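This report refers to the structure that appears directly beneath it.
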Number of protein chains: 2
Amino acid sequence: MSASKRDELVQKALGVFYRNGFHAAGMDLLAAETGVSKTSMYKHFRTKEELILAVLRLRDEQFRNWLYRRMDEIGDSPAEKLLGMFDAMGEWFAEKGYRGCMFIKASAEYQDRDDPIHAQSAEHKRLLFNHMRDLAQDAGASEPEKLARQLLLLKEGAIVTAHLGHTDDPASDAKMAASAILKVSGVK
Amino acid sequence: MSASKRDELVQKALGVFYRNGFHAAGMDLLAAETGVSKTSMYKHFRTKEELILAVLRLRDEQFRNWLYRRMDEIGDSPAEKLLGMFDAMGEWFAEKGYRGCMFIKASAEYQDRDDPIHAQSAEHKRLLFNHMRDLAQDAGASEPEKLARQLLLLKEGAIVTAHLGHTDDPASDAKMAASAILKVSGVK
DNA sequence: CCCAACATGAACAGATCGGTTAATGTTTTC
DNA sequence: GAAAACATTAACCGATCTGTTCATGTTGGG
């Protein structure tokens with residue numbers, strides 16, 4: 001039971017869940033798509049919930065690493081990095097196979113706030129908020145927390161709209177709206 | 001098979017789906033909660049999908065009627081009505097049992113863009129957009145479509161965050177952000 | 001009052017759900 | 001090279017899934 005084998009299963013399960021949804025993807029399908037028997041699956045993960053939680057942990061790590069890096073690359077100043085989030089979103093939306101945010105989906109299928117899957121999805125959003133708040137502070141915002149919350153509202157809205165809305169360019173709309181918000185937030 | 005009986009089933013099924021999710025609520029549960037036998041259920045709706053589509057139609061009608069009315073009551077001018085949307089959102093979020101937007105949930109469980117359930121959810125968002133665009137035009141916005149899209153980004157973001165985020169007041173954040181956007185949109 | 005039309009419940013399909021068991025490889029270790 | 005440890009497979013478990021069948025009410029019209 002190598003650790004990397006488990007990681008590989010989680011990685012592949014992530015794709016299966018993302019494409020099919022959590023309830024719709026059964027353990028039989030997951031085992032088949034990862035090229036492993038169901039028994040092996042249950043050697044690595046005691047329950048389906050445990051597998052889902054592992055998938056969400058990996059997704060959180062992958063997504064935040066990618067996003068923070070892109071924001072850093074795109075913007076020089078803190079304010080530019082904040083706006084850069086929306087450019088990064090645009091890149092993500094343009095990927096083929098884009099189907100929205102895994103955590104929003106998870107919270108839609110596991111709605112109870114004290115469900116571990118819901119709680120872990122909320123934690124991901126909280127970590128994103130912390131990062132945005134720190135950047136907003138560095139950017140000199142008069143109310144960094146409020147600014148961070150507002151920019152994240154635009155981000156979540158764009159994520160949903162990119163999957164559910166007409167096919168325009170929500171990332172660009174969000175970025176222009178963000179600029180307007182930055183202007184009234186004491187950020188130069 | 002009175003028409004009102006069918007409506008009553010759809011009405012009750014709406015609540016069951018909203019609380020449990022679409023995959024998680026089976027036809028047995030739906031029949032039990034509507035106080036009707038499964039056979040009767042299938043007399044009124046040929047498949048589960050047909051029931052879901054009927055539920056979404058009802059929800060669309062209920063939600064838009066309610067929202068448009070509240071926006072009208074809250075604001076006198078078109079610009080005030082636009083901002084009033086966020087007050088209405090705040091009222092909705094505060095309802096006990098709030099679990100997010102039914103159409104976002106539906107699109108999360110039925111992801112394919114050509115799935116009828118996904119398509120109907122998208123249609124709801126499109127109708128909302130039309131209304132907002134008309135109001136934005138009446139309000140004198142320089143680019144009414146863009147303004148409508150941006151305000152709706154804030155709305156979708158707030159809806160998601162009210163369910164998944166920390167428990168602050170996303171409707172109020174969204175409203176203040178919307179004010180900033182209105183200012184740069186040629187709306188007095 | 002009788003018969004047709006409709007509504008109902010219970011039982012049943014066949015498939016799939018999450019999860020387990022027991023028997024069979026395949027390594028690793030001494 | 002034998003024995004212990006680990007991985008894998010296929011078959012199975014009871015529950016639940018969407019959807020159907022059939023036998024029994026129940027109701028309204030002539």
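What you are looking at is a predicted structure, and each value in this text was computed from that prediction instead of being measured. Chain letters run A, B, ... following the sequence lines, proteins first, then strands; residues in each count from 1. Below, all heavy atoms of this structure are taken into account, side chains as well, without hydrogens, waters or symmetry copies.
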Item to complete: Take the protein atom CD1 of I52(A) and the nucleotide atom P of dC17(C), then report the distance between them rounded to whole Å.
Response: 13 Å
Fill in: Spacing of F17(A) atom CZ relative to dG18(C) atom C1', expressed in whole Å
11 Å
Worksheet entry | Side-chain heavy-atom pair K155(A), M85(A) within 4.5 angstrom cut-off | yes
Worksheet item: With distance as the sole test, does Q111(B) use its side chain to make a donor-acceptor pair with the main-chain N or O of Y18(A) at under 3.5 Å?
Response: yes
Fill in: Atom pair distance, as rounded to whole Å: CG in L29(A) and C1' in dG18(C)
14 Å
Worksheet item: Counting only N and O atoms by type, is there a donor-acceptor contact under 3.5 Å from the side chain of K105(A) to the main-chain atoms of A108(B)?
Response: no
Discussion item. Please tell me if T39(A) has a side-chain N or O lying less than 4.0 Å from either OP1 or OP2 of dT8(D).
Written reply: no
Practice prompt. Compare the minimum distances between each of dG19(C), dT8(D), dT18(D) and the side chain of K43(A), then state the nucleotide with the smallest one.
Written response: dT8(D)
Fill in: Spacing between K38(A) atom NZ and dT21(C) atom P, to the nearest angstrom
13 Å
Discussion item. Given dT8(C), dC17(D), dC12(C), identify the nucleotide with an atom nearest to the side chain of S40(B).
Written reply: dT8(C)
Worksheet item: Between dT20(D) atom C1' and M41(B) atom CE, what is the distance in whole Å?
Response: 16 Å
Practice prompt. Would you check if there is a donor-acceptor pair between the side chains of Q62(A) and Q11(A) at a distance under 3.5 Å?
Written response: yes
Worksheet item: Rounded to the Å, how far apart are N20(B) CG and dC17(D) P?
Response: 11 Å
Worksheet item: dT9(D) phosphate, OP1 or OP2: any side-chain N/O from S37(A) under 4.0 angstrom?
Response: yes
Response to the item:
From NE2 of H23(B) across to C1' of dT16(C) the rounded distance in Å is 12 Å
Worksheet item: Roughly how many Å is it from CD in E49(A) to P in dG19(C), rounded to a whole number?
Response: 9 Å
